[in-house]
Every structure is written in C-alpha cells, then in structure tokens.
Amino acid sequence: MTRYLVGRIGQLVLVLFGVSVIVFFTMHVLPGDVATLLLGERATLAQLASLRHQLGLDQPIFIQYFYFLLQVLQGDFGMSLRSNHAALADVLVAFPVTLQLALAALALAVVIGVPVGIIAGTRPSGLLDNLLMTATLFGVSMPIFWLGLMLLLLFGGLLGWLPIGGLMPTGLDAPRVTGMTVIDSLISGRPHLIWESLRYLTLPAVTLATIPLAMIARITRSEMLAMGSLDHVRTARAKGMPERRVILRHILRNALIPVVTVIGLQLGLLLSGAVLTETIFSLPGLGRLMVDSILSRDYPVVQAGALFIAFVFVLVNLVVDLTYGLLDPRIRRS
Amino acid sequence: MTALLEVAELVKHFPTKGSLFRAGPPLQAVAGVSFTVKRGEVLGLVGESGSGKSTLGNMVLRLDQPTAGRIVFDGQDITHVPDSALGAFRRRAQPIFQDPYGSLDPRMTVEQIVAEALVIHRLAQGRKAIRDQAAGLLELVGLNASQLSRYPHQFSGGQRQRIGIARAMAVKPELIVADEAVSALDVSIQAQIVNLLRDLQRRLGLAMIFISHDLAVVEYIADRVAVLYLGRIMEIAPARAIVRTPKHPYTEALLSAVPEPDPGRGRKRIVLQGELPSPTAPPSGCVFRTRCAYAISDCAKVVPELLEVAPGHRAACIRTGIL
Amino acid sequence: MTRPLLEVRDLCVDFAGETGVVAAVAGVSFSVSRGETLVIVGESGSGKSVTSLAIMGLIPKPPGRISSGEILFHARGGGTHNLTRADARTMQQLRGAEIAMIFQEPMSALNPVYTIGDQIIETLRLHEPLSRRAARVRAIEMLALLGVPDPARRVDAYPHELSGGLRQRAMIAMALSCNPSLLIADEPTTALDVTVQAQILELISKLQRQLSMGVIFITHNLGVAAEIADRILVMYAGQTVEAAPARAIFEDTRMPYTRGLLNSIPRLGMDRDAGPLPTIPGIVPNLSEMPAGCAFHPRCAHARPEPCTVRRPDLEQVGDQHVVRCARWREIAREMS
Amino acid sequence: MTTETVQVLSPTRKPLGVRRVLRRISARVGLLITVVFLLLTVLAPLVAPYDPYDQDLSSALSPPSWIHWLGADQYGRDMLSRVLYGTRTALLAVVVADGLALVAGCTLGLLAGFFGGWVEAVIMRIVDMVLAFPYLLLALIIVAALGPGLTNSMIAIGIVYTPQYARLLRGQVLAVRQADYVRASRALGASRLRLMLRHVLPNSVTPILVMATLQAGSVVVETAGLSFLGLGAQPPSPDWGALLADGQSYFLTAWWIATFPGLAIFLVVLGFNLLGDALRDHFDPRRTA
C-alpha cells in the first residue's frame, strides 16, 4: 500500500512537471511582450531592456524555465501582473468559490444521477426507462452556457425567484473562514446568511450539475444492465434471493465500480464547466480568473492556476483509484 | 531420418506484477524442455492448465520469444532470428488455433483469409490465380469453393476450423503446431476435424505438434506423446506406451482421471491430492512430488532427469521402478 | 418405486431471436427421484441448459418464454408445485432451499466482490433463521465437507484467490448449504482439468448418496455421463431423442445419433490403425432452420425419405424405461444384427 | 445467457447494418437532425430570409414576428438568418477539429502500437498528461498561445480531443494484437505494417466511427464555448457561441438573441448524440454477449 502511494505520488510529480512545461512554454511563445505590457507603450527602449533584464526575460528560455521551476518549488509563482498580489494568493482566493460550486454540482449529480440510473436500469425498455433516458440524453446534449442563461432567464428574470448572479447579496457577507460562502455562513450561524448563500448557489450548481448528472445516470443504467446479465447474478437468483436484494447486492454493488471511475472523470468536466458557469453567473472563481488572466496575458497567474488545477486533478484521481480498491477486492489484494 | 525440429532446454519466464518498482518472481511457464520432431512425425503435448504446453507451442512458432534455450529448425538455429527475417521459416511452420471464433479476422472474406499467405509470400500472382488457389485450399479441407466470398460469421464452428486449417495449408508447410485445435468443438464435429488433420498429415507427410489436454485424442493422432507438468516434461514415449505402460506417477494419475464412455469398466482411480503449485514458486526437487502418492524424502532434494526407461521411452522420476 | 421428486412433462421453451421465434426446447419429458442421478447429454444448441434454467424459473424473459408443459416439483413439506406457473415468491422459497443449481464457470458464477464465505452465509440466511455467526460456522462446515483445505481461512477468500477446483467446491458448498432435495449441475466440470474433474465428480456422487438428493447433471461429455449417471437422457435440437438407464444407453444404443456420438469419441488404447474415426456428417442444425421431419435425418446414415423427412417421429418405448425418438428403430436394429 | 441461446441470438461480429441501426426511432431522429443540419450548411444562402450581416437599426431588438421569425439583434440583424449561417461555422468546427483530432489521434495511436517500446511510452505519457487537465482550460491556454480566432480555436479543440482517439486506437491495437487471427497472420509472415493496416485498422473502424460521431457534438459545443468566452469566432461573424455571448448582455430584455443560437447548438449536439448512441449500442459487444 505504501509502495503504491509512493508510486502514485511519483506519478503526480511527473504530471505536474509535464503541465508546468506545457504551460510555461505556451505562455512564453505568446505574442506580445510582457515588459511592454507592464510599462505601457510609451516606455523607452532602455527602460524596457532593464525591466526585461530584471525579470530575466533576456535569458535563454530554458534558463528562464529553470529559474521558474526553482521559484515554483519554493511556492513562488511571481506577482500577478494585474492585481499586484502574489499569483498563488489570487488563485487560492478564487479556488474556494469554484470548489464550493463543483462540490455542490457533484453532490447533485451523484445523489440524483445514481438513483435515476438504477430506476431506469432495472426496467430496461419500459416507459419510465425511455422517459428518463430521453431526459438524460437532452441533459448531455445541453450546451452548459445556454442552459445557464435559460435558467437565469426563467428563475432570475421572469419568475424573479433567484438572484441572477454573484456570490452573496451586496454588502452581506459572512466572515471569511474557508472562502466557501455556504460553509462560512454556517459557521457564522446566522440563518439569513445561510439562506442567501444557498439561494445564490442554486442556479450555478444546477447548471453545472446537469451534464455530469445525465452522464452518471446513463453510465449507471448501462452498467446495471451489463452486470445484470452476468453469471453471478443468475447464481444469486438460483439461491432464491428476492429480486430487490439481487439488484442491490449483486448488480448495483458491482456496477458501482465503473460508476465511481466515471464520477472521478467528471472532475475535468466540472472544472471546464465551471469556467463557463462562473462567466454566466459572475462568480469570482478560479475558472473565471483563468480566463481573465489568459485574456490579459497575466502569465504568472495562468501558470499558478494551471499547476494548481493539475495538482487538484491528479489528487482527486488518486482518491478515486483508492476508492476503486475499496470497492473491488480484485484490485485491493493484487 | 533427421529431426525437422529440435528444441533444447527451452525456457520461458513471464514477468509478474509485483510492487511498483520491483517485478514479482517470474512465472516459469516453461522450465527447460527439450524434444525433437522428425519429418512426418506427430508429437503430442499433453498437460493440464498451467503446464506450459501452449507457451511451448508459441515459442516453437516464434510467436513468443524464449527466455533461454534453442530452437533449431531443419538444421538452422532460429531462436534469435529477428521477426523480419523469419520469412522462410514462416512458410514452413504454421499454427492451427483453438478458438474457431477468434482465429479468423471478422472483417475479411474467406478468400482474403486463406489467400493472405499467398499475397504475403507472393506465391500466386494475379486475382484469378489467387482465387483459384484459395478455392483449391477450401476443397482440400472439405469446404465448397463457392463459399469464398463469405465472411467468417456465416460459418459454424467446425467450418471455421476448416478455414483455419486451409489458411495454414496455403504455404505448404512442413510443420504444423495445432494448439487445442479440436477442444472447442462439439463432439460430433471434433471427430471430423481430427480425421481431417490426420488425413492431411499423412497425405502431405507433415510433421505436427498436437497440443491438447485430452489424452484420448492425443493418443489417437500422435506417434509420440510428451506429458507436461508445470512447464517440464514428465514423460515422453510412443503414444501406445504412454497409455499402456506409463512410467511416471503423474501420467498414471492423468490416465486414470479420463472419464470413459463405458459404465461397465471398473477401474482404479488415482485422485490427485492438493492443488497445482504456483508456477512462480515451484517445489524443490521433483515439481510433482507435492501431489505424488509415491513421493519420498529424496524427491524434494533431487531434480529428476528425463532418463530412458525403455527404448524410446523416457521418464523424469527417481522411482520409475515402482510403477 | 416412490413418487418422483420432479416431473417434467412436455416442456417447450421459445426464444425470440432476430430471425423470429425459435423453439430451444421442443417437448421434453422426464422425471427424477430422490437419490437418483439423471444426466442430460447433448451438444451445443440441444436445449439441455435451457431445460435446466426452465426448472429453476431462470429463463431470461424476454427473449425466452416457457410456451407449454408442466414442471411438477414435490416439495419436502408435501406440497406439489407446478414450477411453470409458480409465483415469484414460491420460486424464491424453493430455489436454493429445495432446488439448488451449480454452473459451468465457477469464476463468473461467483460474485467477485464478495468472499466465498459471504456468499454461502447469504444463501443460508435467506432460507434459515440463523445468526450471522451461526451461519459462518455452518459455512465453514460446508467448506470442510466439500474437502476445501483450511476452511476457516478460506471462508474469507475472494473467488479470484482460489483455483478453479476450489472455486467449484465453494460453489457446490453454497448450493448444498441448505440441504436441497434436488441439485441441478450444468456442466460443472467442463471448465476444469481432468484430474480436478475426477475429484469433483467423485465429490458430487458421494454427497448425493450422503444427502440422498436427486441430481440432474448436464454435460456434453459421454464419458462424464458414464461415470455418474443412473439414467441418461440424450437431447438433440431441443428434443429428447433417447432416454434409458445408463448401461442401456451405452450397451443397447437405439438412436443413430447416440450411436454416432459414442463412436466418434476417441478412446484410450483404441486401435488407431483401424482407419479414421467414425463421424456424424454435417453440422448441428441452427434452431431457426430446423429440418422437416426428424431433426436428425440430414445427418443420419439410416434415414429414408419416407418417413424420416416427412413426419416428426414420436418417442417410442423400446425396452424397460428405454425410449427412443426414431421411426426406423426396428429396421435399424435388424440391419445392425 | 446460456450457450444455447447465444448461438441463436448473436452472430459474433456484425457487419455495419445500416438498416438495423435505423430500426430504432431515436436513431432515425438523430439521423434526420444531422441530415437537416448538413443540408442547411449548404442551403443557408437559399433559405435565409436576410443577409446575416445586414444591419437595420429600425428593427433593432425587435422580438420574433412575421418579419423576423426569430427576432432581431441590437443592430437589427435577422436572428434566423444569423442562426442559419451559424450552421456553417459549426460544420467547419466538426470537420476541422474532429477531423484533426481523428487523424492525429489515430496516427499517434497506431504509431504507439506499431513501434511499441519507448515511442509508445512517450506518446502515451503525453496523452495521459493532456488528459489529466480540464480540456476547456487546456484549449484556452492553446488559443491564448495561438491568438484568439475561429481557426485557432478549432485547432485548439482538435489538439485537446486528440488524446482520446490515440487512446482508443492504442487500446484497439492491444486488444486486436492478442487475437488469434493476428497471431495467425504473424505466423504467416505478415509484417507489422501489414498487421496494423490489414487487421488492426479495419477492426477499429466501428469504435472510431462511434467516437467521431459522439465527439462531433462535443466539438460543436466546445468551439461555441470558446467563442462565447471571446476566444473563438469574433463578431460580427454569425457563430452560435458569439451570438450567445452577444445575447447575454440583453438576455433579460431581448431573450431571443441568446435563446435561438443555443437551441440550435442543442439540437445539433442532440442529433450527433442520438446517432452516436445508436451506433454504439449496435456495436457494443456486451449487448450481444
């Protein structure tokens, strides 16, 4: 087990290294010159040259990368070119917003998606199955930015039930502890704050949850069907087990193994979706920060954000793999 | 008669998954096997699962690379000839596989399958010549030439096996390695294919390595039989001698376990005790001793040599005398 | 003779395929008594496995359907159930408790994510009011009875950690845990090596005597049938073609198909220079393209246009408990002698 | 299922039975949507009532009516015409991005399978690396590097989707290589190149086809997404994503501007998904096993 973990952490380092290479070199072939960007168009050539020297931009790119790597290993990604904060600090401020959104969406997707898949999978080709599967097919085909807008239009605009964007009502904030509004509100213990934070989270979470929900439902259904035709299920029935228990113990349990993998894979989807969701609902999350930084060539933030996201990504995959081991004894003991 | 194929001290280890940085102990699929096959001779390889018989067959055909040992075909050592230079050998030695469903490319017509060798080795030029030869091959194995443009899924298991045989015959091979070639077939079809193989072998003077777990089929088709256990030859002898006067306790047990369609026949059954040892950690000395009714303490110390116990009959047991 | 445990009367099972409905089982009748082993022999497509699944009520529907016939089971309690009409609850109570089944491939027939102990305990507790602990003790006893070495440790093993032979023993332990009166074994030794097969066959016979079960044993291997059978039923293309006490099947064979099968098996020590193996020509017919008349006539050396290609023969009594489905069995017997 | 029924119910490998795929209603709907979409890309100039670039400030922000069936945008441009012309960009995205991913991915997958050893190790590690990154963010970074614009956004999406094809084909090589028919071919003396082209590739056509169809939908969404973020097609070009972005500023007052382009994306993606699902179900080996 320890060996396995060590190996996986090794892989993690490797992936992070790869991502740092990709991000660093793409950012440095960007058209446009950082020094000009910082000093403005009117800077003299001498000023520019001195700044470039100061930033190490006059060095060969491999040397630059080496220094970059050295700094990164010390947790220093440089300063944001826009906010003048440490790049990593900007990333860490934005991250809880995205984390809260992604967790809420994932929770919705799993809590609704798995049962929907079970219901459909135990009645293949029935009316309910057809209805649910049509609905999930609509779900996976939905452009997330359009869905977000439509939900906003309906619940925010026409019905006016929910806010049309932002994290919290202006001027109202729980003291920042985790950076996640719902949790901070819970800590503050003020019911009004909790209520508002949930109201603001609802639409973005539903928007972001739709596609993963539909995918989880579909994969659960198809795995239930696949497992349901296996020999050991016939054995269970031959033992005289009631159908309900056959489904729960011998079909669902085995079907969950691939479902968990898919849930793990949803993370990439969630983070991609978060970029668009945050744009639509004006949330100051990591996705939006990345887009803005890319658009304004704020490469320290892009680098910090990319590496941070890759780190989270690999970490989650590790957790998924460990869960896999818990569910499947064939992997656990080999 | 000189040997067409000579295999010496052939070894195959497969790596096992250990931990991340260190491989596990190697799985010894084949652990030092030597034998020869003469032109026109059928050598049967018998063994249960885990005996290494299929790996052995694959190595002889150079579909698996041996870990150690030597394969000499018609006087030429082919053990380390690179794949790209094996063309000549490939035209002289051919496999026949077990699974009639997996051994034919589902996307090719029967003609394409049978004629692939003709195309690769340029044995026939032009569409018509190729088609004629393919038709001839189909007829050789008892199929109708009118079926050339059909796909494999349109045939039954037995017919597919015939197509597989036709494909092997396309290069006019001298050696056939048939790996469980009739095991997956229904009883009534099995006999047809056995007859076909035996007929082709005799008519064309083929040498054949016939691999099977079914002793009765092997005895019927083979001139000599080698009994394998955990990647080693326990006994090798003329087919009749193996069945009538086995000299190795394992052969004896194997023979006694074969169910015979003859309810009146009262016979002594030797039930083997225990489990097949792991091929990653075989027992010391004689690998069969852990399940052998005749084992003595010496069996754990000495690796028995394959010694001649009667003319042409060799067994690897230090206690052959007791049988 | 006492009343049989199970009576199957004129069972028909249909499957809806892509080419239309085919009859996988087309009129099969037999009975099994306590302490008796009936072996059903047939090649692929003969309907032998479908018959066993029909008894268990495990025909996958759709596409399968029992279209006619009765399966009468006389339960221990004294009641008689017609299994073709029994409701789900009755079937659940019978399965595992009174009728148990073992399958060909013990690797896939056991659930890979539970230990074999879990799966035996589960069966026990479905049918008997046992605590988990008591059930575990019983599970270990069952494994010991089945000759599994070190049962107290092996009870916690997962299926993939056991060899094929041990897995099949675990499977049988599970099937027998509630002391069923009928055991259905569908090719239980086909996936095993011969030496392991010999062990398992011996074990099944021993347990059958000990527990005085009725056993339906399904196989394609006539050698295995000879080892274990009291009576043998030969199926071809969904029908019974010959049924008789085991010895009569081998020594007084009446059906050309049965004789063809017996002759085409190579036997140890046979004279191989006597010429090629006798074979049955042709191929097993596809269920959707069944020949008219006798299903076997296209492959039969004794077939005549009249009546073999015209009329489907009935089962005829040819001896004590010996029936055969061949319109020309008398003529053939005369020709042979 | 028992061995008996398998023989009756399933041939081992089905040929591409178009008729059989289309037996299902969903497949027919999918095909219909896809065909209509493809037709519109050609017929847009004929069926569109207006020039998509024509501004008519008098009808700016006018809601759907008989004159402008889907309303008009802030410059009075006809939304129906703009949405219809948007099919061209969408199709272009499918051809360029999905095509690029398919060709590049399959080539990489085949190369990995063909050479094995370190070539394979390098290719597959890079593939893993790219897959270990949220694909939209990766696309964003690539577009940023290449510079915003429709072509670049398509190339970026193509690059991002490449690993999936590489992995599929690599898996296919692994699976097919184990098959007895490939070993038989090797034993006949077939070269590696022949094995790849004659056996692996033909036997990979169906999974590639299924993936390409399903990815076509995703590609349409992703390019629109990049345009929506301002990195893809630039105004005034009638790209669905750009139209949506436009509509976002007005969506509370002029809901039609954002609604119809989104609906168009949704329909096209639905069409590809329906078709892809039908194909996958048809070829899924588990369905017949």
Side-chain angles (χ1 to χ4, degrees), chain B residues 46-51 142 155-159 182 184-196 198-199 202 213-223 229 239-240 242-244 250 253-265 269-276 278 291, chain C residues 41-46 149 162-166 189 191-199 201-203 219-229 232 236 245-247 249-251 257 260-272 275-284 286 299:
Chain B
V46 183
E48 299 184 280
S49 49
S51 63
F155 292 88
S156 72
Q159 291 170 322
V182 299
L185 303 173
D186 270 321
V187 184
S188 68
I189 306 301
Q190 186 173 322
Q192 296 174 1
I193 303 296
V194 167
N195 284 341
L196 172 66
R198 193 157 171 256
D199 176 54
R202 291 203 170 169
H213 66 276
D214 187 335
L215 253 173
V217 174
V218 170
E219 191 218 344
Y220 180 75
I221 204 165
D223 301 309
Y229 183 81
R240 187 163 294 200
I242 282 275
V243 171
R244 300 206 176 152
Y250 176 63
L254 203 58
L255 281 165
S256 82
V258 175
E260 289 276 317
D262 186 359
R265 205 183 67 146
R269 160 153 299 160
I270 303 158
V271 174
L272 284 185
Q273 298 305 310
E275 295 280 308
L276 188 75
S278 162
R291 306 173 72 192
Chain C
V41 176
E43 299 182 276
S44 56
S46 64
L162 300 177
S163 69
L166 283 185
T189 60
L192 305 175
D193 280 323
V194 271
T195 55
V196 183
Q197 167 171 282
Q199 296 170 356
L201 288 179
E202 197 144 300
L203 194 64
T219 182
H220 67 279
N221 186 329
L222 279 161
V224 169
E227 300 261 329
I228 200 165
I232 294 178
Y236 184 78
R247 200 168 267 269
I249 286 282
F250 293 98
E251 290 166 9
Y257 172 64
L261 276 188
L262 279 168
N263 289 341
S264 65
I265 307 170
R267 305 186 190 201
L268 283 178
M270 76 192 285
D271 182 11
R272 68 192 205 122
L277 284 171
T279 60
I280 305 177
I283 57 171
V284 179
N286 194 316
R299 306 177 67 189

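The sequence lines fix the lettering, A, B, ..., with proteins before strands; numbering per chain opens at 1.
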**Q.** Nearest heavy atoms of C/Pro266 and B/Ala216, plus distance in Å
**A.** O-CB, 3.3 Å
Q) For C/Ser44, does its backbone N or O pair with a side-chain atom of B/Asp186 as donor and acceptor, under 3.5 Å? A) yes
Q | Heavy-atom proximity to chain B below 4.5 Å, by part of C/Leu261 | A | both
Q: Just do the side-chain contact (heavy atoms from CB on, under 4.5 Å) check on B/Ser188 and C/Glu43 with the steps written out, would you?
A: CA-CA 8 Å; B/Ser188 68; C/Glu43 299 182 276; 2.7 Å; yes
**Q.** B/Val187 portion near chain C, given a 4.5 angstrom heavy-atom threshold
**A.** both
Q.
To the nearest 0.5 Å, what is the distance between CD1 on C/Ile283 and CD on B/Gln159?
A. 4.5 Å
Q) When only pairs under 4.5 Å are counted, which of C/Ile228, C/Ile280, C/Asn221, C/Thr195 shares the most heavy-atom pairs with chain B? A) C/Thr195
Q) Relative to chain C, which segment of B/Asn195 carries a heavy atom at a distance below 4.5 Å: side chain, backbone, both, or neither? A) side chain
**Q.** Heavy-atom proximity to chain B below 4.5 Å, by part of C/Pro149
**A.** neither
Q) Hey, which of C/Gly165, C/Gly275, C/Pro278 has the most heavy atom pairs under 4.5 Å with chain B? A) C/Gly275
Q.
Can a donor-acceptor pair be found, under 3.5 Å and without considering hydrogens, that links the side chain of B/Gln192 to the backbone of C/Thr279?
A. no
Q: Check each atom of B/Ile221 against the heavy atoms of chain C and say whether the ones under 4.5 Å are side chain, backbone, both or neither.
A: backbone
Q. Rounded to the nearest 0.5 Å, how far apart are CZ of B/Arg244 and CG of C/Leu268?
A. 10.5 Å
Q) With a 4.5 Å limit on heavy-atom distance, are the side chains of C/Phe250 and B/Asp262 in contact? A) no
Q: Report yes or no: does B/Gln190 contribute a side-chain atom to a donor-acceptor pair with the main-chain N or O of C/Ile265 at less than 3.5 Å?
A: no
Q) Quick check: does any side chain N or O of B/Tyr220 sit under 3.5 Å from a backbone N or O of C/Leu277, one acting as donor and the other as acceptor? A) yes
**Q.** Segment of B/Val217 engaging chain C (4.5 angstrom heavy-atom cut-off)
**A.** both
Q.
Is B/Glu275 in contact with chain C via its backbone, its side chain, both, or neither, using a 4.5 Å heavy-atom distance?
A. side chain
Q: Quick one: which of B/Gly50, B/Gly157, B/Ala222 has the most heavy-atom pairs under 4.5 Å with chain C, could you say?
A: B/Ala222
Q. Has the side chain of B/Glu260 got a donor or acceptor atom that lies under 3.5 Å from a matching backbone atom of C/Arg267?
A. no
